[in-house]
Amino acid sequence: MWFAIALSILFLAITTIFFTAELRGFPMYRSLAFFFLFEGFYTLIDFIVAEIWPNFKGMSLLHNAGCLIFGLYVVLTLFRYKNNNLISVNSNKEKSLLKNEK
């Protein structure tokens, strides 16, 4: 019981840390914060549902679907960040090549 509550508090604390002003520059702060927010609330709700209905299997389906959705969101954010940095790196290389040619 205490493990589930402590784990959900940890996930919600991580979410709060990701939304602080210092980490706003981190490119994936929003997607990771939403993932940990989902995990925090899921852990609490799963504990409550398991206490009321011990044989209910729907929560694992909900967890798998949520992990799939938020995991894809994290991966898409990562690829978008990577592509944006590749474009800026290429443009910086092109600028330095142009400066060297002059």
Side-chain angles (χ1 to χ4, degrees):
M1 172 181 141
W2 291 108
F3 183 70
I5 293 171
L7 194 61
S8 64
I9 290 172
L10 175 69
F11 286 145
L12 295 175
I14 291 171
T15 300
T16 305
I17 290 168
F18 271 123
F19 278 120
T20 59
E22 291 85 19
L23 290 177
R24 294 275 170 115
F26 182 62
M28 294 173 37
Y29 82 94
R30 183 176 294 153
S31 60
L32 287 174
F34 286 141
F35 180 77
F36 281 110
L37 184 69
F38 166 73
E39 285 293 329
F41 281 124
Y42 169 79
T43 305
L44 280 177
I45 293 170
D46 182 47
F47 172 72
I48 294 169
V49 170
E51 290 295 317
I52 297 172
W53 297 292
N55 295 326
F56 184 64
K57 302 295 182 201
M59 291 304 289
S60 64
L61 179 65
L62 177 68
H63 186 254
N64 291 339
C67 284
L68 177 70
I69 291 168
F70 287 110
L72 286 174
Y73 181 46
V74 168
V75 169
L76 290 175
T77 305
L78 179 65
F79 282 129
R80 186 178 62 191
Y81 172 71
K82 181 181 174 187
N83 288 340
N84 287 345
N85 277 350
L86 286 177
I87 291 170
S88 65
V89 168
N90 287 340
S91 63
N92 288 337
K93 286 181 181 178
E94 291 172 0
K95 289 178 185 177
S96 65
L97 288 174
L98 289 174
K99 288 180 183 178
N100 290 338
E101 288 178 1
K102 290 180 180 181

Q: Kindly compute the distance separating CG (N64) from CD1 (I69), expressed to the nearest 0.5 Å.
A: 11.0 Å
Q. Where is the tightest heavy-atom contact between G71 and F35, given as atom of each residue plus distance?
A. N-CD1, 4.5 Å
(Q) Is it true that, when you exclude F41 itself, more than 12 heavy atoms of the residues, nucleotides or ligands shown sit nearer than 6.0 Å to its CZ? (A) no
Q: Verify the cluster assignment for I45 and L62: are they in a single hydrophobic cluster under the rule of side-chain heavy atoms below 4.5 Å apart?
A: yes
Q: Not counting sequence neighbours, list each pair that qualifies as a side chain to side chain donor-acceptor pair (under 3.5 Å) and has a residue in residues 49-60.
A: none
Q: Look up atom CG in L12 and atom CD1 in I17, then write down how far apart they are to the nearest 0.5 Å.
A: 11.0 Å
Q.
With a 4.5 Å cut-off on side-chain heavy-atom distances among I, L, V, M, F, W and Y, is there a chain of contacts connecting I48 to L10?
A. yes
Q. Within the side chain of Y42, is there an N or O that forms a donor-acceptor pair under 3.5 Å with the backbone of M59?
A. yes
(Q) Rounded to the nearest 0.5 Å, what separates atom OG in S8 from atom CZ in F36? (A) 13.5 Å
**Q.** Shared hydrophobic cluster for L61 and F47 (ILVMFWY, side-chain gaps under 4.5 Å)
**A.** no
Q | CD on E39 to CG on L32, rounded to 0.5 Å | A | 12.0 Å
Q | Closest approach of F19 to F34 (non-hydrogen atoms, all atoms of both residues) | A | CZ-CE2, 4.1 Å
Q. Do M28 and L76 belong together in a cluster built from hydrophobic side chains that touch within less than 4.5 Å?
A. no
**Q.** Distance (rounded to the nearest 0.5 Å) between L7 CG and L44 CG
**A.** 9.5 Å
Q.
Is there a side-chain contact between F79 and V75 in this structure, where contact means two heavy atoms from C-beta onward sitting under 4.5 Å apart?
A. yes
Q. Taking T15 for the side chain and F11 for the main chain, is one N or O donor matched with an acceptor at less than 3.5 Å?
A. yes
Q: Could you tell me which non-hydrogen atom of G66 sits nearest to which non-hydrogen atom of F38, and how far apart they are?
A: CA-CZ, 3.5 Å
